[in-house]
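Report on the following structure.
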Amino acid sequence: QDWLTLGTKPGVHEIEISTRREQGVKLTITTKGQAAGQSYGARLTVVTNGGVVEVPLRMDLTAQPYTKAPFQGTRSQREMAEKMRAAPKAAVPVLESGDVQRWFELNGWLYPVRGTPIKGVAGVQQFFEGMGVSKPPSVQLSKAEIRLTCKYRDTARAQVMLQTPAKKWVYATLTSDSPWLKLPLAQVSGPQHVAIPVEIDTNLWNLGPSGEGKVSVVANGGQKLTLKVVVEVPGAPAAQRPKAPAPT
């Protein structure tokens, strides 16, 4: 096993024995990269002119306890989730600071949150979903498409709701595919529903009298939704098409 070395130098898994009576063999255990809270087994095989002996070895790797209040003394991922469920507001600062993620890494555990961590109480919901102790609620947009009219060089604003029938927090990370389709917030979250605001800046418009863009919404549990934004822009110049490359 990679975590077990014969002697003191790393990566040594075979040594020679040459002695009249007995020879001490040092064993070095390296726990880096191994997940805490588990047991690991290995087998030491001794091949001699007097026969072959196999010696079973076992390592019980205990976790480093979490040290920050109010969750100090926690020794397992499941225990952390249970304590956070009882005190979700107290969990917000320790998640946002990255302390919990560093504790996971210290113990060789895979951190359950993928992508951008959500701030606030919704970040606790995100953590629970990643841990598998809370099922992500089914979410949807109040509208799949927005249609707006905005004069050239003016600005228009609108919003849709991200919502769920479940009594849980909803959250999402937002991205736009067009420079004129601006998002005042990169993340949104709220209890059961939250507004997603969008802003149309026609100073960056180059699509002619009308055009469309899309907002990508990655919500609870990685659910992906798309908001289509269709805009009419009276007074806008003709669409600017890319110039063809000069002949060579």
Side-chain angles (χ1 to χ4, degrees), residues 77-78 80-82 84-85 87-105 109-148 150 155-202 204-207 211-231:
Q77 305 163 72
R78 178 68 61 170
M80 177 62 78
E82 291 173 352
M84 285 185 173
R85 187 187 293 277
K89 290 185 178 180
V92 172
V94 297
L95 286 173
E96 290 186 355
S97 68
D99 282 340
V100 174
Q101 183 172 355
R102 287 188 287 272
W103 176 62
F104 268 65
E105 294 170 352
W109 299 328
L110 185 64
Y111 194 60
V113 175
R114 296 288 176 269
T116 305
I118 302 295
K119 295 185 179 298
V121 177
V124 184
Q125 172 72 23
Q126 183 187 34
F127 180 80
F128 287 165
E129 291 172 3
M131 285 287 296
V133 298
S134 178
K135 184 178 179 180
S138 176
V139 297
Q140 61 183 10
L141 297 173
S142 57
K143 296 179 181 179
E145 181 179 305
I146 298 176
R147 290 184 172 270
L148 299 169
C150 182
T155 300
R157 296 176 178 82
Q159 68 177 34
V160 297
M161 301 299 293
L162 177 67
Q163 55 198 17
T164 180
K167 293 183 178 180
K168 293 184 177 182
W169 279 70
V170 295
Y171 59 85
T173 299
L174 314 173
T175 55
S176 165
D177 71 346
S178 304
W180 54 265
L181 179 53
K182 294 186 173 182
L183 300 169
L185 301 172
Q187 293 182 345
V188 294
S189 64
Q192 286 194 270
H193 63 271
V194 65
I196 297 178
V198 297
E199 183 179 295
I200 311 303
D201 183 357
T202 59
L204 302 173
W205 185 265
N206 62 354
L207 301 180
E212 65 180 55
K214 293 180 179 178
V215 175
S216 297
V217 181
V218 181
N220 297 61
Q223 297 175 75
K224 296 181 179 180
L225 307 171
T226 301
L227 172 64
K228 184 178 179 181
V229 182
V230 181
V231 187

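Because only heavy atoms are used, hydrogens play no part in the values below, and waters and symmetry mates are left out as well, while side chains stay in.
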Close side-chain approach of [X] and [Y], heavy atoms under 4.5 Å:
| X | Y | result |
| --- | --- | --- |
| Arg157 | Pro197 | no |
| Lys135 | Lys168 | yes |
| Leu204 | Lys182 | yes |
| Leu225 | Leu162 | yes |
| Trp103 | Tyr111 | no |
| Thr175 | Ser216 | yes |
| Tyr171 | Gln187 | no |

To check you understand the geometry: which heavy-atom pair defines the closest contact between [X] and [Y], and what is its length?
| X | Y | answer |
| --- | --- | --- |
| Asp177 | Lys214 | OD1-N, 2.8 Å |
| Leu95 | Gly123 | CD1-O, 3.9 Å |
| Phe127 | Val113 | CA-CG2, 4.1 Å |
| Val124 | Pro88 | CG2-O, 3.5 Å |

Supply the atom-to-atom distance [X] [atom1] to [Y] [atom2], rounded to the nearest 0.5 angstrom.
| X | Y | atom1 | atom2 | value |
| --- | --- | --- | --- | --- |
| Leu227 | Gln159 | CG | CD | 11.5 Å |
| Phe128 | Gln125 | CZ | CD | 8.0 Å |
| Arg147 | Lys228 | CZ | NZ | 6.5 Å |
| Leu174 | Leu185 | CG | CG | 7.5 Å |

I'd like to know if the side chain of [X] and the backbone of [Y] have a donor-acceptor N/O pair within less than 3.5 Å.
| X | Y | answer |
| --- | --- | --- |
| Gln126 | Ile118 | yes |
| Arg114 | Gly222 | no |
| Arg102 | Ser97 | yes |
| Gln163 | Gln192 | no |
| Gln223 | Asn220 | yes |
| Thr164 | Ala166 | yes |

Full working for side-chain contact (heavy atoms from CB on, under 4.5 Å) between Val160 and Val215: CA-CA 11 Å; Val160 297; Val215 175; over 6 Å; no

From CA spacing to verdict: side-chain contact (heavy atoms from CB on, under 4.5 Å), Ile200, Leu181: CA-CA 5 Å; Ile200 311 303; Leu181 179 53; 3.7 Å; yes

Verdict with reasoning, Val94 to Met84, per side-chain contact (heavy atoms from CB on, under 4.5 Å): CA-CA 10 Å; Val94 297; Met84 285 185 173; 4.0 Å; yes

